[in-house]
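This report concerns only the one structure given below.
All of these numbers come straight from a predicted model, not from anything done at the bench. The figures that follow rest on heavy atoms only: side chains count, while hydrogens, waters and symmetry mates do not.
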Amino acid sequence: MLPTRKTDFWSALFLRLIKRRASRSFKKVDILPFEAKPGHSVLMLCNHFSWWETILTNMSAADSLKRRWHGMMQQEQAEKHWYLRYIGLFSIKKGSRELLASLSYAAQLLNDPLNMVVVCPQGEIRSNHETYITVEKGVQKLIEQIKAPCQVVYHCILIDYFESFKPSAYIHQFDCGIAGECTFEELKQRVNDFHQQALQSQINMKH
């Protein structure tokens, strides 16, 4: 497993760069109002539809949640994009013993209330139009190892064009409760209930 080498300097520089990139690629990035629980780390479960999650979840961490961003990346991608470890990425290798080490490492990060860890529960890139979010069992194994207060947040990114030539990104965030307070089945139901709520809100979105 490749651990993060996160530094505040590179994280701040990366944030400035990605905000510029987002302003060129999107008409707007609308992070809908949401506040994290004080004194809690944040386990963010994000719908996985592209590389944009790395950029947009970083923006949510800084502008909305006020937490230090960390995220998982497949081992081969982490080796290829080694520089991303300096902004908070660490590796995970599915189907190996290193998977458990990565989950344990993520849990350790979440024992610090200033930290946030992004997990894409679907485990693979899916269409942004998915109506059901699969939550893999690795999420459960991660939650079981968290020892300190941690808020689970479902972070749903939805893309729409409406009348513009450029897309807009709308970020919906929902409180799924405290890690370990509900069963895994209940957590999956909460994620999908919130996903449906986000889709409905998107239909009614003012633009």
Side-chain angles (χ1 to χ4, degrees), residues 1-93 98 101-122 125 128 142 146 148 150-159 164 166-173:
M1 189 208 79
L2 300 174
T4 178
R5 294 182 176 178
K6 185 179 181 70
T7 69
D8 290 340
F9 172 79
W10 290 114
S11 296
L13 179 61
F14 182 74
L15 184 62
R16 289 180 62 185
L17 292 174
I18 62 176
K19 284 187 174 182
R20 290 181 184 176
R21 172 64 184 273
S23 68
R24 292 196 302 266
S25 299
F26 293 101
K27 178 184 177 183
K28 65 177 178 178
V29 175
D30 191 355
I31 304 175
L32 301 179
F34 185 85
E35 292 186 9
K37 292 181 181 295
H40 290 65
S41 61
V42 172
L43 171 58
M44 177 182 283
L45 306 181
C46 183
N47 61 322
H48 190 24
F49 69 96
S50 77
W51 268 80
W52 275 108
E53 289 105 57
T54 301
I55 291 176
L56 297 177
T57 57
N58 252 287
M59 293 173 64
S60 293
D63 298 342
S64 173
L65 300 174
K66 313 299 183 184
R67 296 295 187 274
R68 300 179 74 241
W69 185 95
H70 299 81
M72 295 181 179
M73 176 179 280
Q74 287 294 328
Q75 179 88 20
E76 59 273 15
Q77 293 296 320
E79 291 172 350
K80 181 179 179 181
H81 302 286
W82 54 269
Y83 49 89
L84 292 177
R85 292 170 61 196
Y86 289 94
I87 58 105
L89 279 167
F90 58 95
S91 72
I92 186 169
K93 191 173 184 179
E98 291 185 23
S102 296
L103 295 177
S104 178
Y105 183 74
Q108 291 176 26
L109 290 172
L110 289 169
N111 288 332
D112 184 338
L114 298 179
N115 285 340
M116 182 185 93
V117 173
V118 179
V119 174
C120 295
Q122 295 156 290
I125 292 179
N128 193 231
L142 167 56
I146 300 171
C150 175
Q151 181 182 16
V152 182
V153 173
Y154 178 55
H155 182 279
C156 181
I157 304 168
L158 296 175
I159 308 296
S164 176
K166 294 175 68 175
S168 293
Y170 298 88
I171 298 175
H172 307 256
Q173 298 178 93

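Contacts of Ser11 classified as side-chain hydrogen bond (donor to acceptor under 3.5 Å, both in side chains), with partners at least two apart in sequence or in another chain: Lys6.
Between the CE atom in Met73 and the SG atom in Cys120 there is a gap of 10.5 Å [rounded to 0.5 Å]. For the atom pair Arg85 CZ and Arg5 CZ, the distance stands at 4.5 Å (nearest 0.5 Å). Atoms OG and CE, on Ser60 and Met44 in that order, are 5.0 Å from each other to the nearest 0.5 Å. Distance OG1/Thr7 to CZ/Phe14: 12.0 Å, rounded to 0.5 Å. Taking CG from Leu32 and CD from Gln173, the interatomic distance works out to 8.0 Å, rounded to the nearest 0.5 Å. If you take OG on Ser64 and CD1 on Ile31, they are separated by 6.5 Å, rounding to the nearest 0.5 Å.
Closest non-hydrogen pair, Thr57 versus His155, comes out as CG2-CE1, 3.7 Å. Smallest separation of non-hydrogen atoms from Ile87 and Trp10: CG2-O, 3.6 Å. Considering all non-hydrogen atoms of both residues, Tyr154 and Leu45 come closest at CD1-O, 3.1 Å. Across Ala106 and Leu142, no two heavy atoms sit closer than the pair CB-CD1, 3.7 Å. Taking every heavy atom of both residues into account, Gln151 and His40 meet most closely at N-CB, 4.0 Å. When all heavy atoms of Leu110 and Val42 are compared, the pair lying nearest together is CD2-O, 3.3 Å.
Within the 4.5 Å cutoff, the side chain of Ser168 has no heavy atoms near those of the Asp30 side chain. You'll find the side chain of Glu76 stays beyond 4.5 Å of the side chain of Ser91, heavy atoms only. Asn58 places none of its side-chain heavy atoms less than 4.5 Å from the side chain of Lys19. Leu89 has its side chain out of reach of Thr4: every pair of non-hydrogen atoms, C-beta onward, lies at least 4.5 Å apart.
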Given Met72 and Leu103, is the side-chain contact (heavy atoms from CB on, under 4.5 Å) satisfied, shown in steps?
-> CA-CA 9 Å; Met72 295 181 179; Leu103 295 177; 3.9 Å; yes
Decide yes or no on side-chain contact (heavy atoms from CB on, under 4.5 Å) for Phe49 and Ile159, but give the supporting numbers first.
-> CA-CA 10 Å; Phe49 69 96; Ile159 308 296; 4.0 Å; yes
Test log, rule side-chain contact (heavy atoms from CB on, under 4.5 Å), inputs Asn47 and Glu53 = CA-CA 8 Å; Asn47 61 322; Glu53 289 105 57; 5.6 Å; no
Intermediate values then yes/no, side-chain contact (heavy atoms from CB on, under 4.5 Å), Phe34 and Ile171 | CA-CA 10 Å; Phe34 185 85; Ile171 298 175; over 6 Å; no
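Around the NZ atom of Lys28, the shell of radius 6.0 Å holds more than 12 heavy atoms that belong to other residues, nucleotides or ligands.
Using modelled atom types, one side-chain atom of Asn115 and one backbone atom of Leu109 make a donor-acceptor pair closer than 3.5 Å. Put simply, the side chain of Asp112 never gets that close to the backbone of Ala148: no donor and acceptor are under 3.5 Å apart. Using a distance-only test at 3.5 Å, with no hydrogens or angles considered, a donor-acceptor pair links the side chain of Lys166 to the main chain of Arg24. In terms of modelled atom types and a separation under 3.5 Å, the side chain of Gln75 and the main chain of Lys93 share no donor-acceptor contact.
For the ring pair (Phe, Tyr, Trp, His ring centres under 6.0 Å) condition, the pairs that include at least one residue of residues 60-84, sequence neighbours left out, are Trp51-His81, His81-Tyr83.
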